[in-house]
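Please read these numbers as outputs of a predicted model, since none were measured by experiment. A note on names: the letters A, B, ... follow the listed sequences, proteins ahead of strands, and every chain is numbered from 1.
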Amino acid sequence: MSPAAIKSEPEEDNGFYPSPHHKNSKREYDDEEFEFKPKKVKTEHDKKAKKRKHEYEEDEEDEDIKPKKKTKDKKVTEGKKAKKEEEEKWKWWEEERYTDGSKWRFLEHKGPVFAPPYEPLPGNVKFYYDGKPMKLSALAEEVATFFAKMLDHEYTTKDIFRKNFFKDWRKEMTSEEKSKITDLNKCNFSEMNEYFKAQSEARKQMSKEEKQKIKEENERLLQEYGFCIMDNHKERIGNFRIEPPGLFRGRGDHPKMGMLKRRIRPEDIIINCSKDSKHPKPPPGTKWKEVRHDNKVTWLASWTENIQGSIKYIMLNPSSRIKGEKDWQKYETARRLKKCVDRIRNQYRDDWKSKEMRIRQRAVALYFIDKLALRAGNEKEEGETADTVGCCSLRVEHIKLYPKMDDQEYVVEFDFLGKDSIRYYNKIPVEKRVFKNLQLFLENKQPEDDLFDRLNTSILNKHLQELMDGLTAKVFRTYNASITLQQQLKELTSDDSIPAKILSYNRANRAVAILCNHQRAPPKTFEKSMQNLQTKIDEKQNQLSAARKQLKAAKADHKASHDEKSKKAVEVKRKAVQRIEEQLMKLQVQATDREENKQIALGTSKLNYLDPRISVAWYLFNTAESVVLPISSDFTIEKLN
DNA sequence: TTTGCGACTTGGCTCCAACGGG
DNA sequence: CCCGTTGGAGCCAAGTCGCAAA
């Protein structure tokens, strides 16, 4: 199923929580909550924060503002643990940053890990052409296996995929093979396909010891290649493994799907490290494309990928100083935007009346970016990628204007494919001036013409830069996502139980995901797991009524006998009922949460858009006994035990 | 002004280890 | 302790944005 098909028309307001771009719920732009100065607030997301509550309390006094740390506490052996902990305590956010544009002074690493070499198929696994078995050359066979592995996927049936694959496959064939194999439809990969299925099955069936061995080998590789030294600190590398060869898929309707993503060799790799470091060694008998020493960039190695001709990088893990600083900066920019967003909004409203078309277009586009959290929308080369758009690249065919719709006036309907070919569909009433402007922009245009023909991202960002230092289109997404979370948390959180609070948090998070249009395909197991949960709830309900009956009986018993023993029995039964009630409530909350989350992906906003300080502040307000927080008093501190 | 490139962030999906309920 | 469920790391594609050459 194509991503576009997965997304259904957006639901009407479900009544549970206001959608940020719903007609009646305007975001409160002028509140001051986002302003808190959390000198003592930790910034990991609340979930993690909850797990590690005690840890926070321990070192409360010397904590400072700190951007989210995405470090995972990996299980390490005892010996390494001490060192690791020491490393984790490094408070880079308390240190000076480079001001000269350099990213580091010293960088040493061991280079990337290459994909394992191709292992030829055993002799009994055959490829058939036109019904007859045919032995392929190693190169041709390798590429054939890529296709064979995908046989179950729908896209091996797609014309473009097959055409691209076949073309690239033929390039890897010997001239003899090339003259023989001329029609993909006559190729039979099924034996190969079955072989790989059996292989993966065998992998699943491996003994504990074998699995352990693999795990240890991975760990060894991680220890050797997964870290680097940057400026006196050992830092985790994000992706130290080179991407293995395979068939390019791409997302959505990609014109290059099926093309061969070729194997990367040491000769393709540019190494970046400091001059005075121990340079990584290429595998025996090979050499690097280049070794350079550029401390104005953060990457350790790079290569040019053959599908789009773009550069791929090996960079550090999000837990690293270099990523963390950037992340922190991003949220600081969003906070600065908060301070002047009113001015900017007034400005673009004024600009709707401008004499100049380009200024009106700029102002309307900015309004969409601000109100709907649309992406900037760079132009893309036609035929190179799937046809997707963002704000500046919207075309006439992507919007429809309705002067009147139901009880609303000036409604704009958006329907287009955005990043990753995820469909954006929204109907939204706009101000009359915006509507009139849109009508003007549409005049004398064809469906495939640009809506904003006098605008592109470069013009827009230049303008934004003039309005505020460091302001670009994407800052609006960050800002509006974070402030939406904050407002929704304030609005939704009740004095309820912890499960209810978690539901509130997830709902606030969902409001953000909806704003940013972060969708997912409903998990394949969704219906089933929902059913299972419902079964559990039903069972729990039965349990509850049984427990209640028993309680009643115990009470009657006690009334009759009035002895200590029966009194105790009543207490026991009462406790049991209470426990089951809690369990039931928890299950029901879980079911609600899951159902609401069916098509919504929370991960991206959590990871990239929500200032972790908001989550931590919320968490502290909702759990802390008596922590005095230097934040606004909107969250009431309460006892929970 | 346009185009292309380089560096970096953001994105959905997959898979598997770890978790927790029975 | 078993086993189904799930969270999240890992993967790698696809964006954004600045800059410099054409």
N or O in side chain of [X] less than 4.0 angstrom from [N] OP1/OP2:
X	N	result
A:T472	C:dG18	no
A:Y609	B:dG11	yes
A:N378	C:dT16	yes
A:K323	B:dC8	no
A:K261	C:dA13	yes
A:T604	B:dG12	yes
A:K215	B:dA18	yes
A:R292	B:dG6	no
A:K474	C:dC17	no
A:R375	B:dG11	yes
A:K326	B:dC8	no

Completion exercise
Taking for A:G418 and for A:E243 the nucleotide of DNA chain C with the nearest heavy atom, the one nearer the 5' end belongs to A:E243
Nearest-angstrom distance from the residue atom [atom1] of [X] to [atom2] of [N]:
X	N	atom1	atom2	answer
A:N608	B:dT9	CG	C1'	7 Å
A:L247	C:dC12	CG	P	13 Å
A:N239	B:dA7	CG	P	15 Å
A:K312	C:dA13	NZ	P	4 Å
A:R249	B:dT14	CZ	P	11 Å
A:R241	C:dG10	CZ	P	10 Å
A:I600	B:dG11	CD1	P	15 Å
A:L587	B:dG21	CG	C1'	10 Å

Taking any heavy-atom pair under 4.0 Å as a contact, classify [X]: base, sugar-phosphate, or nothing.
X	value
A:K103	sugar-phosphate
A:R477	sugar-phosphate
A:A386	nothing
A:F248	sugar-phosphate
A:G377	sugar-phosphate

Completion exercise
Comparing nearest nucleotides in DNA chain B, the 5'-proximal residue of the pair A:K211, A:M315 is A:M315
Which listed nucleotide ([options]) is nearest to the side chain of [X]?
X	options	answer
A:D420	C:dA13, C:dA14, C:dT16	C:dA14
A:A521	C:dA14, B:dA7, B:dC13	B:dC13
A:A601	B:dG6, B:dG12, C:dA14	B:dG12
A:H518	C:dC12, B:dG12, C:dC17	B:dG12
A:T298	C:dC17, B:dC8, C:dA14	B:dC8

Practice task
Mark yes or no for a side-chain to base donor-acceptor pair under 3.5 Å between A:R251 and C:dA14, with no hydrogen or angle criteria applied.
Solution key: no
Handout entry: A:R262 backbone acceptor or donor facing A:N306 side chain under 3.5 Å
Key = yes
Exercise for the section: Within residues 454-463 of chain A, find the residues that approach DNA chain C with a heavy atom at under 4.0 Å, and present them sorted by residue number. Expected result: A:N461
Practice task
Can you see which heavy atom on A:A386 is nearest to which on A:S421, and at what distance?
Solution key: CB-OG, 3.8 Å
Completion exercise
Correct closest heavy-atom pair for A:N456 and A:C392 would be C-SG, 3.9 Å
Exercise for the section: Would you sort out whether A:E235 and A:I322 count as a side-chain contact (heavy atoms from CB on, under 4.5 Å), showing the intermediate values? Expected result: CA-CA 10 Å; A:E235 299 256 42; A:I322 217 150; 5.8 Å; no
Practice task
Give a yes-or-no answer on whether the side chains of A:N506 and A:D593 include a donor-acceptor pair shorter than 3.5 Å.
Solution key: yes
Exercise for the section: Using a strict cut-off of less than 4.0 Å between a Lys/Arg side-chain nitrogen and an Asp/Glu carboxylate oxygen, indicate whether A:D449 and A:R395 qualify as a salt bridge. Expected result: no
Problem - Contact check, side chains of A:N480 and A:D370, non-hydrogen atoms, under 4.5 Å - result: yes
Problem - Min side-chain heavy-atom separation A:S482-A:I614 under 4.5 Å - result: yes
Restricting both atoms to N or O, compile the protein contacts to nucleotides 4-6 of chain C shorter than 3.5 Å, with distance only.
{"from": "C:dT5", "atom 1": "OP1", "to": "A:N532", "atom 2": "ND2", "distance (Å)": "2.3"}
{"from": "C:dT6", "atom 1": "OP1", "to": "A:R594", "atom 2": "NH1", "distance (Å)": "3.2"}
{"from": "C:dT6", "atom 1": "OP1", "to": "A:R594", "atom 2": "NH2", "distance (Å)": "2.1"}

Practice task
Name the orientation class of the two ring planes belonging to A:F147 and A:F161 (parallel below 30°, tilted from 30 to 60°, perpendicular beyond 60°).
Solution key: tilted
Problem - Parallel, tilted or perpendicular: rings of A:Y424 and A:F414 (30°, 60°) - result: perpendicular
Completion exercise
Here the salt bridge (Lys or Arg N to Asp or Glu O under 4.0 Å) pairs for residues 452-471 of chain A, sequence neighbours left out, are A:K445-A:D453
Exercise for the section: Kindly indicate, with the supporting measurements, whether the criterion side-chain hydrogen bond (donor to acceptor under 3.5 Å, both in side chains) is fulfilled by A:H254 and A:R249. Expected result: CA-CA 8 Å; A:H254 199 116; A:R249 169 57 177 108; over 6 Å; no
